2 protein chains.
Amino acid sequence: MGGSVMENRKTATMKDVAALADVSIATVSRFLNGNLDRMSSTTAAKIKDAIEKLNYVPNSAARQMITKASKMVAVVVANIDDYFSTELFKGVSSILEANNYTGVLFDTDSNPERERQLIQLVNDHTYDGLILQPLTESAATIEADMKRDIPIVVVDRELIHSPWTQVVTNNYEVAKSTTSHFMAAGYTHVVVLTSKISMASTREERYAGIKAAASHVDVLEVSEESYNHTQVHQKLVKLITETTEKTLVFALKERWLLEFIPSLIVQGYIDHDQATATAFSDTSTARNIEPRLQLISQDPYLMGASAAEVLVDQLVSHRRPTQDKIIIPATLR
Amino acid sequence: MGGSVMENRKTATMKDVAALADVSIATVSRFLNGNLDRMSSTTAAKIKDAIEKLNYVPNSAARQMITKASKMVAVVVANIDDYFSTELFKGVSSILEANNYTGVLFDTDSNPERERQLIQLVNDHTYDGLILQPLTESAATIEADMKRDIPIVVVDRELIHSPWTQVVTNNYEVAKSTTSHFMAAGYTHVVVLTSKISMASTREERYAGIKAAASHVDVLEVSEESYNHTQVHQKLVKLITETTEKTLVFALKERWLLEFIPSLIVQGYIDHDQATATAFSDTSTARNIEPRLQLISQDPYLMGASAAEVLVDQLVSHRRPTQDKIIIPATLR
DNA sequence: CTGTTAGCGCGTTCAC
DNA sequence: GTGAACGCGCTAACAG
């Protein structure tokens, strides 16, 4: 029983199928491509039989060479450990599936060098399109590596001079309005908790939004890879307690909220009176931990789905990229 | 400026490069494959020039058709939203990269039907190998769809009658020893917090391990997709308080710990005296939230790396799959 | 050191 | 309804 699969030494080709079914290779091809109407049902049955008997599986490389299409779309994200990236991919996939494409996920791991490699890889293989959550800020770098001319949609982070459609969050506006909201509640001192701001356009925008609304802003930058938890914790405590103003700790990314805020809550520093916290947050984890927190929710799934819709449209219509910017708003709730 | 990439109407082929460089197509092929030693540096330079001028990019489909290899390995995981799956992928990638392969990530989204589709997709395309975190329990189902004969390594969940190498955690043992550990501390009542146990072999093993050590076990099954947070919360409270025994809440998956334990801590139900909690936990998030928790840490990265090593070994040696079972132990700490 | 040639497996005109 | 034959872009002998 087990292992019957392995019986065929060489993988069968269309020729083998044709021979066994006693038809021509062209007929087999027609069968495979669903042109059943131009075929007697007898031959169709014979072919079907032969395919099963031989365990025949079409060679996609050969097909791609002819059709110049793979029905696969590369999705290159910044970090698959981020819920944002994975949820984005799920959104992408849902639309892609519905249109008979398959999403293939690649992870740049927040490494610009790796991003280059992956873009080259995508360039070198027959992917029909690319959805990219970029690390780079400049479209030029990407254009230099993507010599092949396939449709591209950029998500989440904005690119300078992008010739492609972009799908982004209203980072600046929502950061600003959120800050205003807390200002109105008396939180005049804002501590921004973030990875290196200059590393991503989203962070820059969020920071700019906060600064536009707040009067007193401190920044605490935490290294993505390595940080001293205790040290960051102490700095936060200091920033909260050394002023008489009411303090809002504003995490630019959910991860930092999850890492540092719970202990501050347990220890009573975040009491929702003298100090409170908010964050850009993609999952419901933070809310479950402390339901009283008001957080900014993005919609990565919708962003992915939107990006995929744009891409699919270009794929089927062969239209040139529109340089639209699609904004999926985030909301405080 | 922008768009210089788009200037070439049809993508150039090797023939074009050969013509422009005034050499034969074979020489270009040699150049591309790094056989520079068998070539005058003059011609090499000419070819290099031509390639750049023409923006030539080799057609991987054509190459795959000849070499029957893509240097790509498909990694099919159960759920990219789980840190376990993504970290596994990172471990896989690290080894793959080092051996000049690229990992390509696919997400079954915990959907068996989708798993089938993806396995067929992998089967239909030229992936050199497959690393699978399976949903299915039986190897036969997979064998039926994977007609092509490429090396496969199974990770995390065990398969019945697997003809492939498996890389797994010592779920039973560590669940048992952990339970014993807490029993010794007086926690004689164990509440198991889990998704449907029968859905995954890992969960079954963990549950069996707990039962083997505990005297009084209650099970609280939570639906992956939809659950009433308040209701689960209340059930937990009831289970903890309705007995005089000391209670250990044992989450079979980090997510459930994150979802329900923090509020129990805040409300004082989990006081590390009358009641405490533990979990299989892959990230450090839970530890940061409550450092006093003792949790079971798996090592998904190492599991991925191990799986990839086995796969690469089979890839380069063309050895048949060994039916080994590789165990990466988890530890309580 | 370099060119010629024969396929790889399949889709697609054409004919019949 | 069905088949023969060409070509997709490339690699791998084999010549020279």
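So that the names make sense, note that chain A is the first sequence line, chain B the second, and so on, each numbered from 1. Remember, it's a predicted structure, so these values are computed and weren't measured experimentally.
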Report the C-alpha separation of A/K147 and A/D124 in whole Å, then their side-chain angles, then the decisive distance to 0.1 Å, and conclude whether the salt bridge (Lys or Arg N to Asp or Glu O under 4.0 Å) test is met. CA-CA 9 Å; A/K147 302 162 191 229; A/D124 290 353; over 6 Å; no

Please state whether the phosphate of [N], meaning OP1 or OP2, lies under 4.0 angstrom from any side-chain nitrogen or oxygen of [X].
{"X": "A/N59", "N": "C/dC8", "value": "no"}
{"X": "B/R63", "N": "D/dT11", "value": "yes"}
{"X": "B/K68", "N": "D/dT11", "value": "no"}
{"X": "A/S29", "N": "C/dG11", "value": "yes"}

In plain terms, say whether [X] and [Y] are close enough for a salt bridge, that is, a side-chain N and a carboxylate O under 4.0 Å apart.
{"X": "B/K53", "Y": "B/D16", "answer": "no"}
{"X": "A/K325", "Y": "A/E158", "answer": "yes"}
{"X": "A/K71", "Y": "A/D128", "answer": "no"}
{"X": "A/K46", "Y": "A/D22", "answer": "no"}

List the atom of A/T102, the atom of B/L121, and the distance in Å for their closest heavy-atom pair.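 A/T102 and B/L121 have their closest heavy atoms at OG1-CD1, 3.4 Å.
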
Separation of [X] atom [atom1] from [N] atom [atom2], in whole Å?
{"X": "B/H125", "N": "C/dG9", "atom1": "NE2", "atom2": "P", "result": "17 Å"}
{"X": "A/Q64", "N": "D/dC10", "atom1": "CD", "atom2": "P", "result": "14 Å"}
{"X": "B/M65", "N": "D/dG9", "atom1": "CE", "atom2": "P", "result": "11 Å"}
{"X": "A/F31", "N": "D/dG3", "atom1": "CZ", "atom2": "P", "result": "15 Å"}
{"X": "A/L32", "N": "C/dG11", "atom1": "CG", "atom2": "C1'", "result": "11 Å"}

Report which part of the nucleic acid A/M14 touches: base, sugar-phosphate, or nothing (heavy-atom distance under 4.0 Å, all strands).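 Sugar-phosphate only.
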
Could you tell me whether B/Y56 contacts a base, only the sugar-phosphate backbone, or nothing, with contacts defined as non-hydrogen atoms closer than 4.0 Å?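 Counting heavy atoms under 4.0 Å across all strands, the contact made by B/Y56 is with sugar-phosphate only.
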
Can you check each nucleotide of nucleotides 2-7 of chain C against protein heavy atoms at under 4.0 Å and return B for base, S for sugar-phosphate only, - for none, in 5' to 3' order? BBB--B

Which donor-acceptor pairs under 3.5 Å do side chains of residues 299-312 of chain B form with protein atoms, sequence neighbours excluded?
{"unit_1": "B/D299", "atom_1": "OD1", "unit_2": "B/L302", "atom_2": "N", "d": "3.2"}
{"unit_1": "B/Y301", "atom_1": "OH", "unit_2": "B/S94", "atom_2": "OG", "d": "3.4"}
{"unit_1": "B/S306", "atom_1": "OG", "unit_2": "B/L302", "atom_2": "O", "d": "2.7"}

Start with the C-alpha gap between B/E97 and A/R114, add the side-chain angles, then the distance that decides, and say whether salt bridge (Lys or Arg N to Asp or Glu O under 4.0 Å) holds. CA-CA 11 Å; B/E97 300 296 323; A/R114 182 138 180 70; 3.1 Å; yes

Just how large is the angle between the end axes of the helix from C/dC1-D/dG16 to C/dC16-D/dG1, five pairs per end, to 10 degrees?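 It comes to 30° between the two terminal axes.
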
Tell me which one of B/T141, B/T136, B/T108 satisfies side chain to side chain donor-acceptor pair (under 3.5 Å) with B/E115.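 Single side chain to side chain donor-acceptor pair (under 3.5 Å) partner of B/E115 among B/T141, B/T136, B/T108: B/T136.
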
